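Here the structure is laid out as structure tokens; the discussion comes afterwards.
Atoms considered below: every heavy atom in the structure, side chains included; atoms not considered: hydrogens, waters and symmetry mates. Keep in mind the model is a prediction, meaning the values are calculated, not measured.
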Amino acid sequence: MRELADLIAQSHSLVVFTGAGMSTESGIPDYRSPGGVWERHNPPQFQEFMTSSKARTAYWRFYQEAFWDFFKAQPHQGHLALGRFYEAGNLKAVVTQNIDGLHVRGGVAPEAMWELHGTVAKTSCLSCKKHMEDTEAVLKRFEVGELDPACPLCGGILKPATISFGQSLDQNVLQGAAQACAEADLLIVAGSSLVVHPAAALPRLTLENHGRVVLMNRDETWLDDHATLVIREPIGQVLGETADLLLGDCN
């Protein structure tokens, strides 16, 4: 942690890249977890969602259960540490594969976020692109019998503002995340197995531009041999205690 604190202190362009392992410490199961909501529901792929009202009903039923895992989750020590780093001016940006919104709730400003897979909190119209509302409000419509909720402006298809299997990433978000990683002189990768592309390739941009990489993950990844520092300890604890070392104990 002292070595990590020193690396952060020396950095002028720190970026943090997070994956599912960051969220699981807040009690949010990843989609690989046995017995989880993904195993019970198997939500439809994007093309099926777009062409079948029945598939959209199945998707909203899945979301009806999955949403509350996100809604009840709270930022852990690691999320709060990144918020402290951002407030102190140490952290330039966060690139995340997570859709839970916990980084913003932990103190990182929305304008410093690159949410590669979107956010569970909002639902948008896929037709007119003009309507956006809280997912919780759309779920209430579903619960009272509106099984295929439509856009109140144009009657188009509503979908949570997350990326489904078979759906393309937002290219503006991907390009912004790529630029952030390319410009980082220090990239901390926390809780990502780095197997889902194109996100998994982003740390290469830091390495190619002679930036240093710190890897915090339970299991081995392709990045291990290229990292300046590899940490296998719980992410929340490590980031929290590192923030205390660098910024002072906030307790």
Side-chain angles (χ1 to χ4, degrees), residues 1-11 13-36 38 69 73-86 90-100 102-103 106-108 114 116-117 177 180-181 184-208 210-251:
M1 293 175 197
R2 171 60 65 186
E3 187 173 353
L4 178 58
D6 288 343
L7 287 170
I8 294 172
Q10 296 163 18
S11 171
S13 185
L14 169 65
V15 175
V16 177
F17 178 107
T18 64
M22 187 80 176
S23 294
T24 54
E25 291 189 18
S26 283
I28 298 174
D30 66 38
Y31 69 88
R32 298 181 183 89
S33 299
W38 293 89
D69 286 334
Q74 296 297 318
H76 59 63
Q77 192 178 5
H79 294 109
L80 299 176
L82 295 186
R84 293 170 63 194
F85 287 136
Y86 181 77
N90 297 98
L91 177 62
K92 178 180 178 181
V94 173
V95 176
T96 186
Q97 296 171 289
N98 302 332
I99 60 176
D100 49 45
L102 291 176
H103 285 301
V108 178
W114 296 105
L116 294 170
H117 296 160
C181 290
D185 61 6
L186 177 63
L187 179 70
I188 298 175
V189 178
S192 177
S193 57
L194 296 175
V195 296
V196 178
H197 288 272
L202 292 177
R204 291 190 188 277
L205 299 175
T206 304
L207 295 171
E208 289 169 0
H210 309 293
R212 291 186 286 191
V213 173
V214 172
L215 179 67
M216 302 170 61
N217 198 55
R218 181 189 62 189
D219 302 318
E220 292 184 3
T221 76
W222 67 262
L223 191 58
D224 288 39
D225 293 338
H226 306 280
T228 299
L229 184 63
V230 177
I231 301 171
R232 302 290 186 211
E233 303 301 319
I235 295 168
Q237 176 187 344
V238 171
L239 288 175
E241 294 186 17
T242 301
D244 288 344
L245 283 171
L246 190 60
L247 304 175
D249 191 336
C250 64
N251 294 323

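For Glu220, the CD atom sits in a loose shell: 12 or fewer heavy atoms of surrounding residues, nucleotides or ligands are nearer than 6.0 Å. At most 12 heavy atoms of other shown residues, nucleotides or ligands fall within 6.0 angstrom of atom NE2 in His210.
Side chains of Asp100 and Ser26 form no contact here, defined as non-hydrogen atoms less than 4.5 Å apart. Within the 4.5 Å cutoff, side-chain heavy atoms of Arg212 are placed close to those of Gln10. In this structure, Leu229 and Leu4 have side chains that are in contact, with non-hydrogen atoms separated by less than 4.5 Å. Contact check for Thr18 versus Ile235: no side-chain heavy atoms found under the 4.5 Å cut-off.
Expressed to the nearest 0.5 Å, how far CG of Asn217 lies from OG of Ser193 amounts to 7.0 Å. Put simply, CZ on Arg2 and CG on Leu246 are 8.5 Å apart, with the number rounded to the nearest 0.5 Å. For the atom pair CG of Leu102 and CD1 of Ile28, the computed distance is 5.0 Å after rounding to the nearest 0.5 Å. Going from atom CE of Met1 over to atom CD1 of Ile231 covers 7.5 Å, rounded to the nearest 0.5 Å. Note that the CG atom of Leu82 and the CG atom of Leu91 stand 6.0 Å from one another [nearest 0.5 Å]. Separation of atoms CD1 (Ile188) and CG (Leu14) is listed at 5.0 Å; rounding is to 0.5 Å.
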Practice prompt. Could you walk me through whether Leu239 and Met22 pass the side chain to side chain contact (heavy atoms under 4.5 Å, CB included) test, one step at a time?
Written response: CA-CA 11 Å; Leu239 288 175; Met22 187 80 176; 4.0 Å; yes
Fill in: Derivation of the side chain to side chain contact (heavy atoms under 4.5 Å, CB included) call for Thr221 and Val189
CA-CA 11 Å; Thr221 76; Val189 178; over 6 Å; no
Worksheet item: Would Arg204 and Trp222 count as a side chain to side chain contact (heavy atoms under 4.5 Å, CB included) if you check the C-alpha gap in whole Å, the side-chain angles of each, and the deciding distance to 0.1 Å?
Response: CA-CA 10 Å; Arg204 291 190 188 277; Trp222 67 262; 3.3 Å; yes
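Asp185 and Ser13 are not linked by any side-chain donor-acceptor pair at a separation below 3.5 angstrom, with hydrogens and angles left out of the test.
With sequence neighbours left out, the side chain to side chain donor-acceptor pair (under 3.5 Å) criterion links Arg232 to Asp224. With sequence neighbours excluded, no residue forms a ring-ring contact (aromatic ring centres under 6.0 Å, His included) with His117. Under the side chain to side chain donor-acceptor pair (under 3.5 Å) criterion, Glu3 pairs with no residue, sequence neighbours left out.
Minimum heavy-atom separation, Gly107 to Tyr86: O-CD2, 3.9 Å. Across all their heavy atoms, Pro203 and Leu223 have their closest contact at CB-CD2, 4.1 Å. Between Phe17 and Leu116, the closest heavy-atom pair is CE1-CD1, 4.4 Å. Shortest non-hydrogen contact noted between Leu202 and Ala177 is CD1-CB, 4.1 Å. Here the closest non-hydrogen pair linking Cys181 and Leu187 is SG-CD1, 4.2 Å. Heavy-atom minimum distance, Ala199 versus Gln97: CB-NE2, 3.6 Å.
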